[in-house]
Amino acid sequence: GEQGRLILFFFFFVFKQKTAYELYQCDWSSDVCSADLKEKIEFVHPQPDIEVAVISEKRDEIDALTYLPDKKTIRICQNKMKLNEVLKKNGVAVPASFLILKEKDLKKAVPHLLERFPEKVWLRAIKGAGARASLPVRKVSQAEMWINYWDNFKGIGYGDFMMSEYLPGGEFAFQSL
């Protein structure tokens, strides 16, 4: 007899969702963006942080509830250094921190922080989530090389980093409405 053959067909369907960066550049009144909104969306819960920033800035063009704080609050929360300053001004304990605008700021901040916190200090991007561009350092040279790496490969450099005391314990993330 004739043996039956089993033929398997695999179909892959790829749905390309617009990224937050693409949506930010989009004219929401255009056919291209409005065509993406086939359903009547009543509520948008943006996450991660980049989507919060984009949806916050474009909220007037979106016909849906977001329950986001005002744009000014979102802008402050999206910048770790600004948030640190606002919290400190309002009596909330925050880690000792320095904005790193130039190489000389590193040469001042690293020794100052290590004098108070000798184990290590925390270098990180002022924007982004998930410990983006973060590195514990013990020397100015380590911080310089790290910022140079990010500047050369990712386009963020001096002015995009802060240096702060390294807080002990586990890391955690928090999002809330």
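Side-chain contact check for Leu68 versus Thr73: every heavy-atom pair is 4.5 Å or farther apart. Annotation: side chain of Val121 is not in contact with side chain of Tyr166 (no heavy-atom distance under 4.5 Å). Side chains of Leu123 and Phe161 form a contact here, defined as non-hydrogen atoms less than 4.5 Å apart. Inter-residue side-chain proximity for Pro111 and Val140 is flagged as met; some heavy-atom pair is nearer than 4.5 Å.
Shown here is Asp63, whose CG atom has no more than 12 heavy atoms of other residues, nucleotides or ligands within 6.0 Å. The local environment of NZ in Lys154 is sparse, with at most 12 non-hydrogen atoms from other residues, nucleotides or ligands closer than 6.0 Å.
Residues forming a ring-ring contact (aromatic ring centres under 6.0 Å, His included) with Tyr158 (at least two apart in sequence, or on another chain): none.
Panel note: side chain Asn90, backbone Leu87; no donor-acceptor pair is recorded below 3.5 Å. The backbone N or O of Thr66 lies less than 3.5 Å from no partner atom in the side chain of Arg59, so there is not a single donor-acceptor pair. One N or O on the side chain of Asn152 and one on the backbone of Asn148 form a donor-acceptor pair closer than 3.5 Å. Put simply, the side chain of Asn84 never gets that close to the backbone of Lys80: no donor and acceptor are under 3.5 Å apart. Side chain of Gln78 to backbone of Asp49: a donor-acceptor contact under 3.5 angstrom is found. Put simply, the side chain of Glu165 gets close to the backbone of Ala96: a donor and an acceptor are under 3.5 Å apart.
Salt bridge annotation for Arg124-Asp160: absent, with no cationic side-chain nitrogen under 4.0 angstrom from a carboxylate oxygen. Ion pairing between Lys89 and Glu85 fails under the 4.0 Å rule for side-chain N and carboxylate O. Of the charged side-chain nitrogens involved, none lies within less than 4.0 Å of a carboxylate oxygen, so that Lys139 and Glu144 do not count as a salt-bridged pair.
The ring of His45 has its center no closer than 6.0 angstrom to the ring center of Tyr67.
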